[in-house]
Participant: 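My questions will all concern the structure given below.
Below, read A as the first sequence line, B as the second, and so on, with proteins coming before strands; counting in each chain starts at 1.
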Amino acid sequence: MRKIFKPISFIILFWQTLMANAQNGEQATDLMRSNGMIFVVIGVLVIILLGLFIYMLLIERKLSKIEKNINNS
Amino acid sequence: MKFLYKKWWKILSGVLILFSIFMGLYLPVGPGIHAISPNVVKTGESITIQITGYNAHFNETGNEQAFWMRKDSFYLCAENIEATHNDHATATFNIPGNLPGKYTDIVFDLVSNNNIDGTFSMIKAVTVLKNDSEFTIQSVYENNCKPEVAVNHSQYMSFPYRIVLYETIRNLFFHVPMWFSMTFILLISFIYSIKFLRTNDIRFDIMAVEAVNVGILFGLLGFATGSLWGNFAWGKLGDWLLSDTKILGALIGLLMYFAYIILRGSIENEDKRARISAVFNVFAFVLFLVFIFVLPRMTETLHPGNGGNPAFSKYDLDNTMRWIFYPAVLGWVSMTLWLTSIRVRMRFIQNKLNEK
């Protein structure tokens, strides 16, 4: 269970600090709203690519486990 | 099954996704009217209105352009148009002394037409107030012009300009296919769960669970991208995230599939686990469809295409967007299939190792 909660709690903490910063200074939102909010589109693309990248890492970790099994048997 | 081992559709998936990302970022948004000032005028005055365009070609198109105000079948054309910049023009209107009908004020749309951009407009742009001092007896009003539309469509390929959305209209190619892919891969999982219940073949169970796994990934991506987009298009995240029907439906759907994963983890016996989770999956998918497609249509939500009217009407998607949106959906859907097949093949190898 700890394995699952560690990354989740990390993400929540990260999100909270991000939100707190956004409320303190308006600079981050100003950038996002500039040029017809094109940076929102960039942000969405980054989220998708990052998500796929992390998923690939998880798949690779699983694959390494199987490889270990083959080598042991 | 042999289909999963073929390469051509994986390459096609990559090509389609790259195409959608490239075209989705490359084509401009517009033309549109971004702002006008002043936007409140009085009857009987001659007024020069400053018009700010968005990716328009006011200057380039030269003299062959027209601006007019429109309300139902009542038109009011600009007399004198000057364009100093592609996105900046001034138009002089001679507002008549009386208004048609019994109105005290009328809100006009402002329409622009030129050879390059075609016809585009700003809805509810100008309010004309009745000037009391120049009150005249109402007479049958005649239009001072009948605007001629020579070119209706923009010469360039572009995405429609929408206030509130602006450039983020491009997110349609990235956020929406996430949910399409999720629904597709959950449908695959549903089919394999039924197949398992009919045949009791453990391989079908593995396919079902791996499909759900990929489905959850795409659901989470849909959530993350949607909350970023909505934070800027709909206002602060907290105001709508847990009060919008469609989002709540998606959240409950996602939680059901989390429950599916946890349920599987809690049953030791392999045969029992496969059977119980297959039954759970069948119900979960049906409920998921209800939550995400049926319930949002019965109530109000912020998402377009809900609250009674079908999505993807001509108002949501124009033809340029269709040419990028459908390839994007096809690309991402095959991507989910590819990811699932990789995971399934890994699990098959693992099972063979365990049997030895």
Participant: Is the shortest side-chain heavy-atom distance between A/Ile38 and B/Tyr166 below 4.5 Å?
Facilitator: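 Side chain of A/Ile38 against side chain of B/Tyr166, heavy atoms only: no contact under 4.5 Å found.
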Participant: Between atom CZ of B/Phe218 and atom OH of A/Tyr55, what is the distance when rounded to the nearest 0.5 Å?
Facilitator: 8.5 Å
Participant: Can you tell which part of B/Asn55 gets under 4.5 Å to a heavy atom of chain A, answering side chain, backbone, both or neither?
Facilitator: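 Answer is neither: B/Asn55 stays 4.5 Å or more from chain A.
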Participant: If you define the side chain from C-beta out and look only at heavy atoms, does anything of B/Gln350 sit under 4.5 Å from A/Lys65?
Facilitator: no
Participant: Taking the side chain as every heavy atom from C-beta outward, state whether B/Ile349 and A/Asn69 have any atom pair closer than 4.5 Å.
Facilitator: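 No, every pair of side-chain atoms sits at 4.5 Å or beyond.
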Participant: State whether the number of non-hydrogen atoms from other residues, nucleotides or ligands found under 6.0 Å of B/Arg273 atom CZ is greater than 12.
Facilitator: yes
Participant: If you round to the nearest 0.5 Å, how far is CD1 of A/Ile59 from CE of B/Met346?
Facilitator: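 Going from the CE atom of B/Met346 to the CD1 atom of A/Ile59 covers 6.5 Å.
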Participant: I want to check something: taking the side chain as every heavy atom from C-beta on, are A/Val44 and B/Thr168 in contact at a cut-off of under 4.5 Å?
Facilitator: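 The answer is no, as the side chains (C-beta and beyond) never meet within the 4.5 Å cut-off.
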Participant: For A/Leu58, does the CG atom sit with more than 12 other heavy atoms under 6.0 Å from it, leaving out its own atoms?
Facilitator: yes
Participant: Can you tell which part of B/Leu165 gets under 4.5 Å to a heavy atom of chain A, answering side chain, backbone, both or neither?
Facilitator: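 For B/Leu165, backbone heavy atoms alone lie under 4.5 Å from chain A.
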Participant: Would you say B/Trp338 has more than 12 foreign heavy atoms packed within less than 6.0 Å of its CH2?
Facilitator: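 Atom CH2 in B/Trp338 is not crowded, with 12 or fewer foreign heavy atoms closer than 6.0 Å.
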Participant: Can you tell which of A/Ile48, A/Val41, A/Val46, A/Leu45 makes a side chain to side chain contact (heavy atoms under 4.5 Å, CB included) with B/Thr225?
Facilitator: A/Ile48
Participant: Does the pair A/Val40 and B/Asn231 meet the rule for a side-chain contact (heavy atoms from CB on, under 4.5 Å), with working shown?
Facilitator: CA-CA 9 Å; A/Val40 175; B/Asn231 196 22; over 6 Å; no
Participant: Heavy-atom distances under 4.5 Å only: say whether A/Ile70 touches chain B with side chain, backbone, both or neither.
Facilitator: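 Contact with chain B: backbone and side chain both.
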Participant: When rounded to the nearest 0.5 angstrom, what distance separates CG in A/Leu63 from CZ in B/Arg343?
Facilitator: 11.0 Å
Participant: B/Val214 versus chain A, heavy atoms under 4.5 Å apart: side chain, backbone, both or neither?
Facilitator: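 Answer is both: backbone and side chain atoms of B/Val214 are under 4.5 Å from chain A.
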Participant: For atom CZ of A/Phe39, is the number of surrounding heavy atoms from other residues, nucleotides or ligands below 6.0 Å larger than 12?
Facilitator: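 Atom CZ in A/Phe39 is not packed in, count stays at 12 or less.
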Participant: Just verifying a value: how many Å separate B/Phe348 CZ and A/Ile66 CD1, rounded to the nearest 0.5 Å?
Facilitator: 12.0 Å
Participant: In Å, rounded to the nearest 0.5 Å, how long is the span from CD1 of A/Ile54 to CG of B/Leu221?
Facilitator: 9.0 Å
Participant: Any non-hydrogen side-chain atom of A/Asn35 less than 4.5 Å from a side-chain atom of B/Glu167?
Facilitator: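 A/Asn35 does not reach B/Glu167 side chain to side chain.
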Participant: With rounding to the nearest 0.5 Å, note down the distance linking CZ in B/Arg170 to CE in A/Met37.
Facilitator: 12.0 Å
